[in-house]
Structures are given as C-alpha cells and as structure tokens.
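Chain letters run A, B, ... following the sequence lines, proteins first, then strands; residues in each count from 1. Because the structure is predicted, anything quoted here is derived from the model rather than measured.
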Number of protein chains: 2
Amino acid sequence: MSEEKEITIYDIARHLNISPTTVSRGLKDHPTINIKTRKKIAEAAKQLGYRSNTFASSLRSKRTQTLGVIVPRLNSSFMSSVLAGMENAASREGYNLIIAQSLEQADKEMENVMTMFNKRVDGLLVSLAHSSDVRHFDVFFSKKIPVIFFDRVAPHPDSTSIIIDNFTAAYQVTRHLIMQGHKRIMHLGGNMLLNVYSERLRGYKQALQDHKLHFDEKLVITGNLTEECGTDVAKQLLKLKPKDRPEAVCCANDTSAVYCMIALKNAGVNIPEDIAFAGFNNDPISRVIEPNLTTVNYPGYNMGQAAVTSLANHLNGDTNITDTNTIVLRSELIIRASSGKRK
Amino acid sequence: MSEEKEITIYDIARHLNISPTTVSRGLKDHPTINIKTRKKIAEAAKQLGYRSNTFASSLRSKRTQTLGVIVPRLNSSFMSSVLAGMENAASREGYNLIIAQSLEQADKEMENVMTMFNKRVDGLLVSLAHSSDVRHFDVFFSKKIPVIFFDRVAPHPDSTSIIIDNFTAAYQVTRHLIMQGHKRIMHLGGNMLLNVYSERLRGYKQALQDHKLHFDEKLVITGNLTEECGTDVAKQLLKLKPKDRPEAVCCANDTSAVYCMIALKNAGVNIPEDIAFAGFNNDPISRVIEPNLTTVNYPGYNMGQAAVTSLANHLNGDTNITDTNTIVLRSELIIRASSGKRK
DNA sequence: GGAAAAAATACAATCGGTTGTATTTTTTAT
DNA sequence: ATAAAAAATACAACCGATTGTATTTTTTCC
C-alpha cells in the first residue's frame with residue numbers, strides 16, 4: 001500500500017497551485033468559490049486520498065457534529081429502540097452519537113455529563129437517573145449548549161422535554177380495567193421521583209376518582225419494576241386470601257407485569273379470570289406471555305428520532321428549541337387478553 | 001453566570017507566571033514537572049474553571065480516546081447487552097464510544113466505516129452486516145488502526161475476533177435433542193454467509209452424523225430469523241401432515257423459535273410432545289414462552305466487555321492484539337421444557 | 001567553592017483547518 | 001475603453017494543546 005502520510009488541504013493546494021483557503025472553502029461548497037474550481041478540488045482530494053481532520057476543523061469552528069446521549073441503562077428493549085431511532089436520525093442529519101449510561105446513579109450521571117462537556121458535544125440527549133436534581137447540567141445551560149430530556153425528564157426553563165402523556169396513558173389503562181368490571185385495582189409503580197412513574201400514578205388515581213372508585217393506598221406498591229420485583233409482588237399477592245386479592249393489577253412496565261403473572265400462574269391463579277393485568281411499554285415479552293398482556297405502546301424509536309431531529313434543527317438554526325418546552329408523542333392503549341372480564 | 005470565555009493553558013500559565021509547556025505537562029502529571037508546581041497548576045486550573053480542549057489535544061497527539069462501534073442493529077436484546085458491556089468497559093478504560101448501525105446493509109456499513117475513519121477513532125469494534133467481504137476495512141488495516149470483530153466476524157490476518165464456539169454450541173443443542181429421543185430434527189438457520197449461522201449449521205450436521213442420523217437437506221431452512229420468519233415456518237409445518245412433520249426444530253435464534261412456537265400452539269400443536277424446540281441467545285422471551293425455550297446462553301455483556309478491554313489493552317500497549325487471532329467466550333446449553341421427550 | 005550532573009522549566013515549531021479581510025481577476029455598465 | 005461593481009482567490013492570524021530541544025535552576029560530589 002501507499003497511504004503513509006496524511007493528505008491535508010495544503011497538499012491539495014500545492015498540487016493544484018491554489019491557496020489552502022480556496023481548498024478549504026471549495027471542499028465544503030462555499031458559494032464564493034467558482035464551480036469549476038470546486039470540481040477540481042474535489043477530484044484532487046479524491047485522487048490524493050484526502051480525509052478531513054475533524055480536530056483541526058473542530059478546534060477552529062468549535063463544532064463537533066457530535067451529540068451526547070446519557071441513559072440510565074442501555075440494555076432494555078425500550079432503550080435500544082430509542083437508540084436505534086436516534087442513530088437513524090443522527091446519521092441522516094450528519095451527527096455522531098457518543099453514548100454513556102448512568103446505571104441509575106446520580107454520580108455516574110454527573111461524571112458522564114462532564115465527559116460530554118469536555119468532549120464538546122454540540123448537544124445533549126438525556127434520560128435521567130433521578131429527576132429530582134438537574135443542577136449538574138448547569139455547565140451546559142450556562143454555555144447555552146442545548147439539552148433535551150426524553151422519557152425521564154425534569155422541568156427546566158432552558159431545556160426541551162420529549163415525553164408521552166403518561167398521565168393520560170395510565171388513565172386510559174385504568175379506565176379500561178374499570179370498564180372490564182374490575183373494581184379493586186392495584187397499581188405497581190416505580191420511583192415516584194421520576195416523572196414517568198408519578199404521572200402514571202396520577203392517571204391511575206384520576207381514573208379511579210372519575211369512576212367513583214375508592215382510592216386505597218394499600219393498593220399502591222412501588223418497586224424497581226424488575227423481574228424480581230414482579231415476582232415479589234406475586235408472592236405478596238399469594239399470601240393474601242384469594243378474596244382479599246385485587247381484581248386487577250396495573251403495572252408501570254411490562255417486565256414487572258409479566259414476571260408477576262408468571263409467578264401467579266405457577267401458583268394456579270387464572271389470568272384474567274382471577275386477576276387481570278395491564279402493563280406499560282409494549283415490550284416484546286408482552287406478546288409472548290399467555291394471556292397476552294394489555295399494555296401501552298411506547299414509541300421508543302420515534303422518541304429517539306424526534307429527540308435527535310429537534311436537536312439537529314435547533315443546531316442548524318432552523319428552529320429554536322428554547323421556545324419549545326415539551327413535545328408529547330402519541331401513545332396508545334393496546335388491549336389484549338390479560339385484561340379480560342372477571343368471571 | 002460568568003463563564004463566558006474558555007480558559008486555556010495559556011490563561012493558567014499567565015496566571016501563575018510560568019510557561020504553557022509546564023502547564024500542559026503539569027496537568028497530565030508529567031514526571032519532569034516539580035510536584036509543587038503540579039499542585040499549583042491543578043489548583044489554578046480548578047479555580048479558573050479550565051477544561052481541556054480535546055481537539056487541540058487530539059490534533060497534536062493524534063489520539064482521540066474514542067472507539068467506534070458498528071453493529072447491524074441496535075434494537076435487539078443481544079446487542080443492547082453487548083453495548084452495555086462495552087460502555088461499562090470503555091468508561092472504565094477512559095474511552096468514549098461512537099455508535100452506528102449498518103441496518104444489515106453493506107453500503108451503510110461502508111459509510112459508517114468512513115465516518116469512523118474520519119472521526120479518527122482509536123479503534124473499531126464491528127459486528128458485520130455481511131462477513132463475505134471486509135475490504136472496506138482496509139483503510140483501517142493499512143493505517144494499523146486496530147479492528148476487532150465480534151459475534152459476526154470474518155477472518156482477517158490483521159484483526160482479532162471475539163466469538164463463542166457456535167459450532168460446539170449448536171452441536172450440543174442438537175445432541176441434546178437427539179438424546180431426548182428426537183430423530184427428524186429441523187434446522188432453522190440464518191444467512192449462511194455469516195459465520196455464526198454457518199457454524200451453527202455445521203454443528204447441527206456434525207451432531208446428526210455422530211449419532212448416525214441421516215442428514216436431510218429438506219430439513220434445513222434459512223431465513224432472516226425475525227418474528228415473521230418464525231411464523232412463516234410454522235405455516236409451512238402446518239401444511240404438512242402431522243406424521244411428516246419434524247420431531248424437533250433447532251433454531252438459530254430465540255425470536256424465530258418463539259414465534260414459530262406461538263403459531264403452532266395456536267393451531268393446536270403440543271410442544272414439546274408433538275414438536276420440540278430449541279433456540280439460541282437466551283433472549284428474555286425464551287423464559288416467557290410456554291413451555292420455556294431450551295436455548296444457548298450467549299454472553300453479550302461479557303462479549304462487549306471483552307472486546308473493549310482487549311482493544312484498550314492493545315492501545316495502551318499492554319498487550320499486542322495482533323498476536324491474538326480469536327477469543328472464544330464460554331457459552332452454555334440451557335435446558336428447559338421446550339425440548340422435552342417425545343410422547 | 002566550583003565543575004559536572006540532574007532536575008525543572010521555557011522556547012518555538014507544529015498539528016490542519018477556518019475565517020475576516022485584503023487583493024486580484026472578471027464582469028458589467030457607461 | 002475605462003471606471004465601478006461583482007466574483008473569485010489569497011493572505012495571515014488563529015484555534016489550544018503537544019513535544020523535541022534548549023536553557024535555566026538546583027543538586028551532587030570531589
């Protein structure tokens with residue numbers, strides 16, 4: 001092979017006997033450069049095997065064409081859809097993604113924020129570890145680097161949030177269960193400091209209230225919504241006498257719902273005849289469990305795309321994101337067998 | 001807020017009345033700089049709110065502390081585990097990840113390769129779209145930038161592959177099915193140009209041969225292993241008279257196995273009594289389907305960690321990866337109900 | 001105490017594009 | 001044909017850290 005030394009715009013300039021400035025501008029189709037010259041430059045660049053040096057470029061232009069992504073966990077079905085959507089939009093818009101996970105830990109998140117800051121990302125996309133405190137993003141805000149929160153968001157005057165209407169979604173789920181004839185409905189929720197879970201609880205409550213059903217605090221359980229969490233809840237339910245058990249369980253995600261169902265089924269409980277179930281997310285497992293799980297379709301891929309697209313538009317100056325407070329994506333209730341009528 | 005202008009090493013130098021060189025070396029604990037001076041520099045840096053400019057640094061040092069990752073698809077359970085493992089190791093080793101997906105398309109992969117190349121990643125981690133041709137990685141090889149293939153790999157003298165022993169794993173699955181009394185065993189495989197699927201087919205064949213079972217070409221189906229693919233195979237099986245159906249199906253992933261099972265169950269076929277099943281990957285859905293799916297545990301998280309760790313060690317000069325041809329991770333057969341004995 | 005060795009610091013070039021402004025070339029209008 | 005306007009190109013400073021070498025300061029040792 002040849003290709004030992006890197007080709008720079010200076011090499012191209014010398015080769016064509018023009019100035020590096022013209023080459024630089026020519027390569028990015030600057031209008032003041034004659035079309036013919038641009039063509040010559042492009043050809044020479046290809047012929048010599050030129051590749052642009054993004055550092056030199058970023059050093060001067062102060063833009064990196066890179067977006068930072070910080071998420072609680074990478075390995076969930078939902079998050080992988082989000083990332084796929086993000087990657088798709090980013091690649092279309094000419095951006096790269098740097099991805100890091102906070103593992104739900106605030107200090108890890110803070111560290112990630114600083115790394116992204118030092119890497120000079122052009123913008124940041126975040127699903128929060130804890131939404132209570134977002135002061136560690138101030139380094140971004142004070143430098144006017146745009147930050148978009150998605151899914152797990154926190155209100156902040158300088159950032160945009162991309163969410164679904166968790167309140168309404170949970171309201172619809174609960175109302176559906178009520179319509180099916182269930183009265184004592186349990187809510188299995190997550191960390192109530194996170195908007196997604198507190199909103200879902202609120203929707204649940206509101207639905208009960210609107211249908212004149214008593215809200216019983218004992219019927220609200222919060223957990224980490226993992227597989228174990230679902231199994232534990234099942235154990236608790238099994239401890240109760242059948243008649244004391246809730247008639248339906250409205251879970252804040254599919255994982256906990258599914259593993260709770262599995263444990264109950266193994267103990268001989270019939271779903272939905274003895275206890276009905278509903279979940280959240282439309283995870284693949286919701287269509288494998290028997291009976292199939294009623295759930296809320298959570299458009300992860302679209303959310304990822306929307307987040308990146310908004311950010312890119314803002315960075316390109318097409319729209320100003322600071323005017324946009326919140327983008328709410330459409331979600332929908334998917335009714336399946338698990339929420340069937342009571343026997 | 002204050003923080004309008006960026007602080008550089010020149011500002012620190014001026015502030016302490018020393019040279020920028022000393023600041024630069026001091027900041028990275030260069031041994032020729034007096035300990036006391038280093039301390040002073042660190043303090044001044046903190047006080048002034050200095051953040052290093054990675055471009056300026058990379059421009060000169062020609063290292064980016066960034067690794068490129070190219071995968072066929074981001075949104076699969078397996079890949080999200082891999083990424084989680086990669087992110088974990090990368091963050092530990094002080095590297096960032098730039099992630100892109102090829103969507104199984106060779107041209108998209110080529111494009112990604114060039115982007116990564118231009119972004120000057122220090123190394124590349126790739127699971128291939130098609131393993132037939134890897135010439136588009138030559139830009140990396142000729143510049144001696146390390147490339148690691150994982151999962152979907154292609155042999156190349158200048159790169160390391162990280163895989164599991166697909167041959168043996170498939171052999172064990174097939175042998176297990178044989179031991180359970182199944183004789184006519186179907187193999188549902190993927191694109192045979194990819195090492196993972198061709199090796200699995202090979203393992204299947206070898207197991208048949210070692211147990212004196214006839215290999216029937218008609219019992220090998222290849223598809224894209226998606227949900228639809230599984231459903232389609234079920235339809236084909238249902239067209240056959242029950243006695244003509246295979247006694248077991250050995251699938252190259254869990255998704256196709258599970259959706260095939262679902263379709264058969266809906267048609268009244270009993271699993272495993274009428275047809276037994278085995279999959280590959282240990283996807284979450286394999287533990288939700290009833291009966292639970294016998295499968296091969298595919299250590300995605302470990303694979304991701306191993307890939308990044310090897311690459312980082314190589315880049316740090318701790319080990320030389322070019323000596324390592326292949327790293328084989330342990331996988332294991334997980335026996336569940338779907339592969340039960342024949343009635 | 002002074003020369004030699006070692007340690008610490010400084011100089012200055014460099015990495016490769018970008019960009020405001022100046023200069024040259026070409027086109028337009030009179 | 002020539003002045004004015006427009007288009008195209010070139011100059012030169014700059015972005016901020018790194019690094020080989022030179023210089024200064026400190027330490028060591030006879």
Q | For Arg60(A), all residues meeting side-chain contact (heavy atoms from CB on, under 4.5 Å), sequence neighbours excluded | A | none
**Q.** Degree of bending, the helix from dG1(C)-dC30(D) to dT30(C)-dA1(D) (end axes from five pairs; round to 10°)
**A.** 40°
Q | Side-chain touch Thr8(B)/Asn53(B), heavy atoms, less than 4.5 angstrom | A | no
(Q) Need one value for Thr8(B): base, sugar-phosphate or nothing, where a base atom within 4.0 Å counts as base even if backbone is also close, heavy atoms only. (A) sugar-phosphate
Q: Classify the nucleic acid contact of Tyr10(A) as base, sugar-phosphate or nothing, counting any heavy atom under 4.0 Å across all strands shown.
A: base
Q: Compare all side-chain heavy atoms of Leu83(B) with those of Gln101(A) and state whether any distance is below 4.5 angstrom.
A: no
Q: Assign Thr54(A) to base, sugar-phosphate, or nothing according to its heavy-atom contacts below 4.0 angstrom with the strands shown.
A: nothing
Q) Is the base of dG20(D) touched by the side chain of Arg25(B) through a donor-acceptor pair closer than 3.5 angstrom? A) yes
Q: Specify the residue among Pro20(B) and Pro20(A) whose closest nucleotide of DNA chain C lies further upstream toward the 5′ end.
A: Pro20(B)
What side-chain donor-acceptor pairs closer than 3.5 Å can you find for residues 13-25 of chain B, not counting sequence neighbours?
| unit_1 | atom_1 | unit_2 | atom_2 | d |
| --- | --- | --- | --- | --- |
| Arg14(B) | NH1 | Asp11(B) | OD1 | 3.4 |
| Ser19(B) | OG | Thr21(B) | N | 3.3 |
| Ser19(B) | OG | Thr22(B) | N | 3.3 |
| Ser19(B) | OG | Thr22(B) | OG1 | 3.2 |

Q. What does Ser57(A) touch in the nucleic acid at a heavy-atom separation under 4.0 angstrom: a base, only the sugar-phosphate, or nothing?
A. sugar-phosphate
Q. Nearest of dA10(D), dG16(C), dG17(C) to any side-chain atom of Leu59(A)?
A. dG16(C)
Q: Quick one: sort the Phe149(A) and Phe137(A) rings into parallel, tilted or perpendicular, breaks at 30° and 60°.
A: perpendicular
Q: Select one nucleotide: of dG16(C), dT18(D), dT18(C), the one nearest the side-chain heavy atoms of Arg60(A).
A: dT18(C)
Q.
Please classify the nucleic acid contact of Lys36(A) as base, sugar-phosphate, or nothing, using heavy-atom distances under 4.0 Å.
A. nothing
Q: Please confirm whether any donor atom in the side chain of Thr21(B) sits under 3.5 Å from an acceptor in the base of dT19(D), or the reverse.
A: yes
